[in-house]
Amino acid sequence: MHDIRAIRLDPDAYDTGWAKRGAAPAAAELVALDEARRAAQTALQQAQSRRNEVSALIGRARASGNVEVAEALMADVELLKREIAEQTAIEAELAERLRDRLATLPNLPAPDVPPGDDETANVEVRRWGEPYADSPAKDHVDLGAALGMMDFEAAARMSGARFVVLRAGLARLERALGQFMLDVQTQEHGYVEVSPPLLVRDEAVFGTGQLPKFAEDLFHTTDGRWLIPTAEVSLTNTVAGVITDEAALPLRLTALTPCFRSEAGASGRDTRGMIRQHQFQKVELVSITTPEQSGAEHERMVECAESILKRLELPFRTVLLCTGDMGFTARKTYDLEVWLPSQKTYREISSCSNCGDFQARRMDARAKRAGEKGARFVHTLNGSGLAVGRALVAVMENYQDEGGRIAVPQALHPYMRGLTRIGAEEG
RNA sequence: GGAGAGGUGGCUGAGUGGUCGAAAGCACCGCACUCGAAAUGCGGCGUACUCGUGAGGGUACCGUGGGUUCGAAUCCCACCCUCUCCGCCA
């Protein structure tokens with residue numbers, strides 16, 4: 001959500017920013033709406049002011065027993081009442097239109113985001129690890145089926161497409177990955193572990209920007225709540241409506257949760273395997289910072305995510321998304337892409353975004369220095385640290401041997417109760 | 001799920017139709033007293049929007065949204081949340 005006063009001050013900057021993301025100019029329309037709204041508000045307030053004056057007079061006339069004067073004044077107010085009703089309606093209508101319009105406009109890209117229309121214009125900023133050129137490259141679906149531990153058919157029977165049943169070693173490996181990631185982020189990177197709600201209200205999902213535009217990507221419950229598509233929603237909303245003490249910032253929060261996505265727009269894409277599921281586990285990282293801190297925090301967050309891939313010894317590259325490839329709420333985004341031997345390509349496994357004050361404005365999350373006046377909107381950042389489902393795919397494919405068994409990465413050994421190779425002789 | 005109580009400023013807490021943006025206390029800031037501090041005294045001290053070059057003015061906000069009324073923190077309705085008791089339950 002953007003500040004209408006900032007748009008009023010420099011409409012061109014906003015139109016230029018939106019253009020970079022392929023969005024149509026909107027500033028002129030917004031400014032006109034706002035002008036009309038303010039005019040209506042002023043008219044309304046003047047009418048209210050007059051009504052308040054007359055009402056006070058009525059009170060005084062009554063008190064002094066002057067009934068006739070009071071009656072006459074009450075008649076006068078009738079006209080004002082009508083005017084107030086009219087102006088209230090006009091003002092409310094304009095305010096709602098302005099709000100609705102503002103709510104659907106994407107964040108502006110940061111100045112250092114490369115221009116471009118789609119992922120082909122993204123910029124690789126670094127690469128880590130070397131893909132083995134001649135290693136076996138069965139994909140995780142074949143590997144999992146051969147192991148008897150990954151069952152898409154059973155999942156389809158009970159839940160439909162885009163679900164999976166994991167068993168035995170793979171189920172344990174998934175759990176190990178989640179625990180490992182959470183431990184690293186909490187014990188080494190200072191994130192506070194959070195166990196948040198998975199079902200949230202409209203306002204929460206509006207706050208992080210999935211509503212109103214992307215409702216069809218979410219699951220909606222019969223009692224009107226939403227299943228979180230990412231713990232970003234729950235974690236970021238912990239500061240919704242709150243004024244935090246600036247001294248407490250940055251706030252670093254993490255959670256391992258299931259995520260639920262309807263994948264409405266993705267029919268036909270990644271239909272095979274675990275890459276794109278309706279339900280998956282993810283360790284999410286969220287930082288709440290001052291405006292001054294967010295840039296450095298963003299870089300730090302990317303490194304926190306990268307460290308997981310390094311510890312798992314999975315080859316990856318870090319990509320700076322171009323203006324056209326960023327999500328709705330982001331002003332700058334890095335993606336981490338992990339090497340998948342079966343596809344001979346890098347696939348997204350983490351996305352780290354600095355949202356500036358875009359989400360904070362939507363959810364009214366502010367901070368101020370103790371004892372000082374004036375609260376400012378905080379900056380919010382979120383990133384995957386990492387997507388567990390995709391990490392499982394990456395481990396399986398990168399750690400497979402000719403026999404279709406999966407070596408357990410060294411970093412996960414403490415979490416596997418002695419199991420170092422999946423598909424050997426364990427059960 | 002049933003029954004009841006309640007949601008007021010940073011906190012505690014008064015206020016049941018008019019001059020209440022809201023008493024009082026605490027906290028905080030300034031001034032006075034003091035060598036300094038404490039105590040004491042005096043004054044100040046919410047947020048948002050809006051009008052105005054400015055000084056300053058106006059409007060709204062007492063959980064949220066509606067309604068009644070010339071006028072609502074106060075009356076009515078719905079919803080949200082908290083607490084207590086009962087029931088159910090991992």
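Note that the structure is predicted; figures quoted are calculated from it, not measured. For the numbers below, each heavy atom of this structure counts, side chains included, while hydrogens, waters and symmetry mates do not.
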Next on the checklist: OP1 or OP2 of B/rC51 versus the side-chain N and O atoms of A/Arg38: is any pair under 4.0 Å?
Outcome noted: yes
Item to check | Length of the line joining A/Asp364:CG and B/rA48:P, which is rounded to integer Å | outcome: 10 Å
Checklist entry - Applying a 3.5 Å limit to both distances, which nucleotide forms a Watson-Crick or G-U wobble pair with B/rC85? => result B/rG2
Next on the checklist: If I pick the P atom on B/rG21 and the same atom on B/rU59, what distance separates them, to the nearest angstrom?
Outcome noted: 10 Å
Checklist outcome for this item: Under a 3.5 Å limit on both distances, the Watson-Crick or wobble mate of B/rG10 is B/rC26
Next on the checklist: Between A/Glu297 and A/Ser287, do the side chains contain a donor N or O and an acceptor N or O under 3.5 Å apart?
Outcome noted: yes
Next on the checklist: Just to be sure I understand the rule, does A/Arg225 reach a base, reach only the sugar-phosphate, or reach nothing, if contact means heavy atoms closer than 4.0 Å?
Outcome noted: nothing
Item to check | Pair partner, B/rA90 [Watson-Crick or wobble, under 3.5 Å] | outcome: none
Checklist entry - What distance, rounded to whole Å, do you find between the two P atoms, one in B/rC62 and one in B/rG7? => result 14 Å
Checklist outcome for this item: Rounded to whole Å, the CD-P distance (A/Glu203 to B/rG63) equals 18 Å
Next on the checklist: If we count only N and O atoms by modelled type, under 3.5 Å, do the side chains of A/Glu246 and A/Thr290 hold a donor and an acceptor together?
Outcome noted: no
Item to check | Separation of the C1' atoms in B/rC20 and B/rC61, to the nearest angstrom | outcome: 13 Å
Item to check | For A/Val395 against A/Ile406, the heavy-atom pair lying closest together | outcome: O-CG2, 4.0 Å
Checklist entry - Think A/Arg201 has a side-chain N or O under 4.0 angstrom from the OP1 or OP2 of B/rU64? => result no
Item to check | Opposite nucleotide pairing with B/rU40, Watson-Crick or G-U, both atom distances under 3.5 Å | outcome: B/rA32
Item to check | Pairwise 5' ranking along RNA chain B for A/Arg366 and A/Ala63, keeping only the more 5' one | outcome: A/Ala63
Item to check | Interatomic distance, A/Lys81 NZ vs B/rA72 C1' [rounded to whole Å] | outcome: 13 Å
Checklist entry - Taking OP1 and OP2 of B/rA60, is either one under 4.0 Å from a side-chain nitrogen or oxygen of A/Arg51? => result yes
For residues 253-265 of chain A, dump all side-chain donor-acceptor pairs below 3.5 Å to protein atoms at least two apart in sequence or in another chain.
{"residue": "A/Thr254", "atom": "OG1", "partner": "A/Glu284", "partner atom": "O", "Å": "2.8"}
{"residue": "A/Arg261", "atom": "NE", "partner": "A/Pro229", "partner atom": "O", "Å": "2.8"}
{"residue": "A/Arg261", "atom": "NH2", "partner": "A/Pro229", "partner atom": "O", "Å": "3.1"}
{"residue": "A/Ser262", "atom": "OG", "partner": "A/Glu216", "partner atom": "O", "Å": "2.5"}
{"residue": "A/Ser262", "atom": "OG", "partner": "A/Asp217", "partner atom": "O", "Å": "3.2"}
{"residue": "A/Ser262", "atom": "OG", "partner": "A/Ala264", "partner atom": "N", "Å": "3.4"}
{"residue": "A/Glu263", "atom": "OE1", "partner": "A/Arg276", "partner atom": "NH1", "Å": "3.4"}

Checklist entry - Does A/Thr420 offer a backbone N or O that forms a donor-acceptor pair with the side chain of A/His413 under 3.5 Å? => result no
Next on the checklist: I'd like to know whether CZ of A/Arg38 has more than 12 heavy-atom contacts from other residues, nucleotides or ligands below 6.0 angstrom.
Outcome noted: yes
Checklist entry - Within the pair A/Arg62 and B/rG17, is there a side-chain N or O less than 4.0 Å away from OP1 or OP2? => result no
Next on the checklist: Just the rounded figure in Å: distance from C1' of B/rC70 to CD of A/Glu68.
Outcome noted: 17 Å
Checklist entry - Which of residues 41-50 of chain A sit near RNA chain B, with a heavy atom under 4.0 Å from it? => result A/Gln41, A/Thr42, A/Gln45, A/Gln48, A/Ser49
Checklist entry - Between B/rA48 atom C1' and A/Arg37 atom CZ, what is the distance in whole Å? => result 11 Å
Checklist outcome for this item: For B/rC61, the nucleotide meeting Watson-Crick or G-U wobble distances (both under 3.5 Å) is B/rG46
Checklist entry - Does one side chain, of A/Ser64 or A/Asn66, offer a donor that lies under 3.5 Å from an acceptor on the other? => result no
Checklist entry - Between B/rG36 and B/rA55, how far is it from one C1' atom to the other, in whole Å? => result 39 Å
Next on the checklist: If I pick the C1' atom on B/rC31 and the same atom on B/rU19, what distance separates them, to the nearest angstrom?
Outcome noted: 31 Å
Checklist entry - Once the angle between the rings of A/Trp18 and A/His2 is folded into 0 to 90°, is it parallel (under 30°), tilted (30 to 60°) or perpendicular (over 60°)? => result perpendicular
Next on the checklist: What's the gap between B/rU8 and B/rU47 when it is taken at their C1' atoms, as a whole Å value?
Outcome noted: 15 Å
Checklist entry - Which whole number of Å gives the distance between the P atom of B/rG6 and that of B/rC76? => result 12 Å
Next on the checklist: Both A/Asp34 and A/Leu73 contact RNA chain B. Taking the nearest nucleotide for each, which residue is further toward the 5' end?
Outcome noted: A/Asp34
Item to check | Protein-nucleotide distance (A/Asp245, atom CG; B/rC28, atom P), rounded to Å | outcome: 16 Å
Item to check | Gap in Å between the two C1' atoms, one belonging to B/rG9 and one to B/rA23, rounded | outcome: 13 Å
Item to check | Residue pair A/Asn107 / A/Thr329, side-chain donor-acceptor N/O under 3.5 Å | outcome: no
Checklist outcome for this item: Mate of B/rA72 across any strand shown (Watson-Crick or G-U wobble, both atom pairs under 3.5 Å) is none
Next on the checklist: Check the phosphate of B/rC70 against A/Asn52, side-chain N and O only, distance under 4.0 Å to OP1 or OP2. Yes or no?
Outcome noted: no
Next on the checklist: Between P on B/rG71 and CD on A/Glu78, what's the gap in Å once rounded to a whole number?
Outcome noted: 8 Å
Next on the checklist: Can you measure A/Ile84 atom CD1 to B/rU59 atom P for me and round it to whole angstrom units?
Outcome noted: 11 Å
